[in-house]
Number of protein chains: 2
Amino acid sequence: MPARAKEPLSRDRVLAAALEVADAEGVPAVTMRRVAEVLDCEAMSLYHYVDKKALLAGLTEAVVGEIAVAALDDLPPAADPADWRDVVRRRCLAAREVMLRHPWAPPLVATQPQPPPTVYPLFEALVATMVDAGCGYELAHRAIHSLGPMLLGFTQELFEPTADDEGAASPQAEAMALAMPYLARLAEVAVHEAEGTIGLCDTQAEFEFTLGLVLDGLEAHRRVGAASAVGAASAVGAASAV
Amino acid sequence: MPARAKEPLSRDRVLAAALEVADAEGVPAVTMRRVAEVLDCEAMSLYHYVDKKALLAGLTEAVVGEIAVAALDDLPPAADPADWRDVVRRRCLAAREVMLRHPWAPPLVATQPQPPPTVYPLFEALVATMVDAGCGYELAHRAIHSLGPMLLGFTQELFEPTADDEGAASPQAEAMALAMPYLARLAEVAVHEAEGTIGLCDTQAEFEFTLGLVLDGLEAHRRVGAASAVGAASAVGAASAV
DNA sequence: TCGCAGATCTTACGTCGTAAGTTGAGTCTT
DNA sequence: AAGACTCAACTTACGACGTAAGATCTGCGA
């Protein structure tokens, strides 16, 4: 996709071109020369707006910004503050959808020294929802830490147990099965369960499950009381164990 | 650190050298030429054992292997199966310690197309612990998905709210504070809380808190019964809301 | 009309991964 | 013991990358 109407460059146009390249060809293809080609100019012309590091930082900024927008739009402002878990859940799922559209993004975000400022509106909204629901700032703070990785896409399919076909058991696969009986059994169960779904693991369901664990745990802490959220961890643990 | 006694090359020696470079100078410094220099040979000599992709994959394999070893060693084999949460918790914390020793590792692991096979022993141990405690394979499976990112280091300090000094408020910082009152208030609380700790956020405590949320949630599911772990999510949520 | 300032292009350098071909030290045959 | 075969290690070379330095172009106020 070379060339387009000759229009003056700008930081935004450069970043848009970079995003285009990343979506089409992956992050490694985002080179100064390749982006310049899309903009129908020379690589060195980009340096008036960004160098390579700033280009990748800007790309991160753009994706995270897209996440923030997606997570904040189209949300009924929560009729009842008590429904805070649903609001937060929907925001996290919206964030995940964006990340699934940009599969190259999570490793990129992970390499950045700082999360881009475009996350702050999202964090602000989450904290607001939780505090208004009576969570207290300490708990909201911890919640941001707990949910951050999920929002920023650090929860991807990092686990495809025995991704090969189950039929033709290679000798090494058999050796592994003998050495790790529990995992072998788990793989069997997973295969049995997976009839109907796409892959071996329904990553969407896993994501929602983990999200539910975290949200329910936070809600339990909220109930114990925001006064001493830090020290209350054991109390909650004891309560849930009854 | 150049040169050492001239000893025949091998895949292991190459990977060890790469690990050395990564620890000392970071992942970007791990180039074929730099690793060759450490081994006192030419870059092209390495290609009999690894190319660049395999080098990074091997590096990942090594770190994750180190995690697995650290998480499996030095653990009393759990006197009571009911203490499964403590066992799993200690394993996760041991994994985290390794990651803290290799801060360059998480982004590297995140870029790999597959997690290396060296994680499997760790997963096996976790599944064994949970199943023996009566969790059922479905729940153990979900647990692996929930805990995986924490074990593989995808929970790092991605959040340093207003990392700058709080005193000299820059104009843009003030503008931000006005636009995002909840975050501003949260930062105040965090600063107040942080007296005594090192940074603004006690990342170790945040990690342990999130880990506790997940483990307590899993335990709640275990109690509901492994029979229909998938459908039981709402039941658990309802229970914790009582 | 001129000249200046900022945007863009040209050229060039050092580093990267690695393809292709060469050297040299064992080892195995006869 | 001598020649042939093997394969780890080396040499050379190429294209792509990020970017420093300086030349050129363009538009606008004087």
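In this text the structure is predicted, and so the values were computed from the model without any measurement. Convention: sequence-line order gives letters A, B, ...; per-chain numbering from 1.
- Distance CG (B:Leu9) to C1' (D:dC10): 12 Å, rounded to an integer number of Å.
- Side chain of A:Arg96 to main chain of A:Met150: no donor-acceptor pair is present (N/O by atom type, distance under 3.5 Å, no hydrogens or angles).
- Under the rule for a salt bridge (Lys or Arg N to Asp or Glu O under 4.0 Å), B:Arg33 has no partner lying at least two apart in sequence or in another chain.
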Give every donor-acceptor pair under 3.5 Å between a side-chain atom in residues 46-65 of chain B and any protein atom, sequence neighbours left out.
residue : atom : partner : partner atom : Å
B:Asp51 : OD1  : B:Lys53 : N            : 3.4
B:Asp51 : OD1  : B:Ala54 : N            : 3.0
B:Thr60 : OG1  : B:Leu56 : O            : 2.8
B:Glu61 : OE2  : B:Arg11 : NH2          : 3.3

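- For D:dA8, the OP1/OP2 oxygens have no side-chain nitrogen or oxygen of B:Ser45 closer than 4.0 Å.
- Residue pairs meeting the salt bridge (Lys or Arg N to Asp or Glu O under 4.0 Å) criterion with at least one partner in residues 101-115 of chain B, sequence neighbours excluded, are B:Glu66-B:Arg101.
- The distance from atom CZ of B:Arg34 to atom C1' of C:dT15 is 14 Å, rounded to the nearest whole Å.
- For residues 46-60 of chain B, proximity to DNA chain D is found at B:His48, B:Tyr49, defined as any non-hydrogen atom under 4.0 angstrom from a strand atom.
- Counting to the nearest Å, the C1' atom of D:dC10 and the CD atom of B:Glu37 are 16 Å from each other.
- Listed by chain and residue number, A:Asp86 satisfy the salt bridge (Lys or Arg N to Asp or Glu O under 4.0 Å) test with A:Arg89 (two or more places apart in sequence, or in another chain).
- With distances taken from any side-chain atom of A:Arg33 to the nucleotides C:dG17, D:dC17, D:dA9, the minimum falls on D:dC17.
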Please report, to 0.1 Å, the donor-acceptor pairs under 3.5 Å made by any side chain of residues 181-190 of chain A, with sequence neighbours excluded.
residue  : atom : partner  : partner atom : Å
A:Tyr182 : OH   : B:Asp132 : OD1          : 2.6
A:Tyr182 : OH   : B:Asp132 : OD2          : 3.1
A:Arg185 : NH1  : A:Glu188 : OE1          : 3.3

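- Distances were taken from every side-chain heavy atom of A:Thr31 (C-beta onward) to each of C:dC9, D:dA9, D:dC17; the shortest belongs to D:dC17.
- One atom, CE of A:Met44, and another, P of C:dT10, lie 12 Å apart when rounded to the nearest Å.
- Rounded to an integer number of Å, the gap from CE of A:Met32 to C1' of C:dT11 is 17 Å.
- Rounded to an integer number of Å, the gap from CD of B:Glu42 to C1' of C:dA19 is 16 Å.
- Note: CZ (A:Arg13) to C1' (C:dT8) measures 13 Å, nearest angstrom.
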